[in-house]
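Just below is one structure, and these are the notes that go with it.
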Amino acid sequence: MQYLAEGLRLPTNGLDYTILAIYFVVVLGIGFAARASVKTSLDFFLSGRSLPAWVTGLAFVAANLGATEILGMAATGAQYGVAVVHWYWIGAIPAMVFLGLVMMPFYYRSKVRSVPEFLLQRFDKSAHLLSSILFAFAAILIAGVNLYALSIVVEALLGWPHWVAILVAGAFVLVYITIGGLSSAIYNEVLQFFVILAALIPLTLLGLKRVGGWDGLSGSLEKSHGQNFMSAWGGTGIGDANPLGANWLTIILGLGFVLGFGYWTTNFAEVQRALSAKNLSAAQRTPLIAAFPKMFIVFLVMIPGLVAAVVVPNIGGGAKNDPSYNDAIPLLMRELLPNGVLGIAVTGLLAAFMAGMAANVSSFNTVFTTDIWQRYVKKDQSDAYYLRFGRLITAIGVLASIGTAFIASSFANIMTYLQTLFSFFNVPMFVVFIIGMFWKRASMKSGVWGLAAGTTAAMVNYFVIYKQGVIDIPSDQGANFVSAIVGFVAGAVVMVVVTLFTAPKPEAELAGLVYGSESPGDTEVPDEGDSAWYRKPALLGWGAVVLAAACYIPYSL
């Protein structure tokens, strides 16, 4: 991510800083209030599985409102136009519906505390350990991306030194997660969701007013950038040239299926919010509730990017003094927002980055404590010991995130960096999950080899085939889509081959872990929310409405 334009400073005053200070006080207050509910390690890592669906649903979508969502997607809108909707309607909504209807019953009924723990039950210790290490590593890298993006925004807009912004934001996240655990993170994410909306809605409306509404915006951009700039699918025919460097096939398979499903269904930073719900029904509704605001948030990040492409001279021009696409949101904030509203907008940006960082740190501390430390290092300790260790590893995770924030600074574009990480880590995990859940014969050893093969193949495609020019792929984004497909296919093929030569898991141990099977608890304790997803007409209705809308909207543009 390039540094924001030199000389870009917001005209903030005492009112704006007061709003910002009030927000930080409230954040810490929520952390201290949540502390009273943290008595066990389950309370700390999963909020005691006690939260209502509306809370977990809003936290689910807020956890994703981080660096890529605000700066990255606005920049994508300014650079690529309406094609940015693909990351929402193709790459997110279908996967969120699938997670709620199909995968949450497997996660929740098995009583796992993390996504890697599910792989332990379905496969074996080797698959569990490898997935735990890969996920913990990826979580820290992604938390660092949010922290780095936050620091350069604060430095550019408010004039704080780069390192001061990193330390201050990291310290606040550390305090409220260490004190209140996941409950503190989730309730703060609900607050952050509304603060982010309060920041983006005025920016979007005032931006549209500046350019003469949607018709004025469309007319200006079609004149300067061509008709395809205002079309989701224009120029995506196979063999056609377009700024994304991707065609409809790689968009649907690479982004929509492999990357999208890989991220939303196996990324524990998201799934952890659903696992903290009070019962299975609430857990299933969590991603479905989140899908509704997710469907429309695209307008709040895309439109400011499009407006910036009209009103900001030479944006993305490439010359030394030209503003970059990443400047879109900050430049509009400076041009359009009065003091007071400006303070809310700055607070919204900080809230977004802190939400993204907190989501990854809270998932990291859970996976490291329960899946690595408790399982393989310090077994059979008291619950109080794991609670203390969880708080300690949270502090270590924040410090590590500060380190990876400086790693992120070496990449030219944070969105591309994150998509690269997802193709390396989330996609191989997804293929292991999906095959293990729907193919009973998949053997215990196929899990670890599928993970290893998928991760290796994705890295080879990106670093060797793409970076070394073996095959000409037009852009980093296109290379990420291809890497995701290659990683998925390689993982699937290796799992099938290994299964043919190794022993399957005993069928008695697969209850509740394979599609179509019932867990023992389903027949012994017929509790509310414990029935299969296909016995819930209301849930199917929710999912059908969201999925139908997601499929229809792109073709209406």
Side-chain angles (χ1 to χ4, degrees), residues 1 27 31 44-45 59-72 114-116 132-154 162-163 165-182 184-186 188-189 192 196 263 266-273 349-369 371-372 390-411 413-422 424-426 429:
M1 181 175 182
V27 165
F44 185 79
F45 295 121
F60 188 97
V61 69
N64 184 248
L65 280 171
T68 54
E69 194 84 356
I70 306 301
L71 289 187
S114 69
V115 169
S132 299
I133 293 172
L134 290 176
F135 179 83
F137 183 64
I140 292 300
L141 288 174
I142 296 170
V145 172
N146 283 278
L147 192 55
Y148 169 68
L150 179 149
S151 71
I152 60 174
V153 168
V154 170
H162 191 61
W163 64 272
I166 288 179
L167 293 180
V168 169
F172 271 93
V173 172
L174 170 62
V175 170
Y176 77 73
I177 294 182
T178 303
I179 292 173
L182 183 62
S184 176
I186 285 179
N188 268 307
E189 284 161 2
Q192 288 159 348
I196 292 165
Y263 175 81
T266 66
N267 182 30
F268 187 48
E270 304 294 337
V271 175
Q272 187 181 29
R273 274 74 193 143
L349 277 181
L350 298 186
F353 297 135
M354 288 173 64
M357 180 184 178
N360 283 281
V361 170
S362 60
S363 60
F364 164 79
N365 66 23
T366 301
V367 168
F368 195 93
T369 302
D371 291 287
I372 297 176
R391 288 191 163 118
L392 173 63
I393 202 64
T394 300
I396 295 174
V398 170
L399 293 175
S401 299
I402 292 173
T404 59
F406 293 99
I407 295 177
S409 67
S410 65
F411 285 79
N413 185 293
I414 57 171
M415 186 175 175
T416 300
Y417 174 48
L418 283 174
Q419 294 290 326
T420 302
L421 293 180
F422 296 154
F424 292 169
F425 300 115
N426 291 91
M429 196 173 297

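Distance check, rounded to the nearest 0.5 Å: OG of S363 to CD1 of I140 gives 8.0 Å. The structure places CD1 of I372 at 8.5 Å from CD1 of I393, a figure rounded to the nearest 0.5 Å. Here S362 contributes atom OG and N360 contributes atom CG; the two are 7.5 Å apart, rounded to the nearest 0.5 Å. With values rounded to the nearest 0.5 angstrom, T404 atom OG1 is found 9.0 Å from F137 atom CZ.
L141 approaches F425 most closely through the heavy-atom pair CD1-CE1, 4.4 Å. For the residue pair M429 and F135, the shortest heavy atom distance occurs at CE-CB, 4.4 Å. Taking each heavy atom of T369 and G390 in turn, the nearest pair found is OG1-CA, 3.7 Å. Taking every heavy atom of both residues into account, V361 and A143 meet most closely at CG2-CB, 4.2 Å. Shown here for Y263 and E270, the closest heavy-atom pair between the two residues is OH-OE2, 3.0 Å.
Residues passing the side-chain hydrogen bond (donor to acceptor under 3.5 Å, both in side chains) test with N365 are T394, sequence neighbours excluded. Every residue meeting the salt bridge (charged side-chain N to carboxylate O under 4.0 Å, His left out) condition with E189, not counting sequence neighbours, appears here in chain and number order: R273. For F364, the ring-ring contact (aromatic ring centres under 6.0 Å, His included) criterion is met by F368, not counting sequence neighbours.
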Under 3.5 Å, which donor-acceptor pairs do the side chains of residues 351-358 form with other protein atoms, sequence neighbours left out?
none

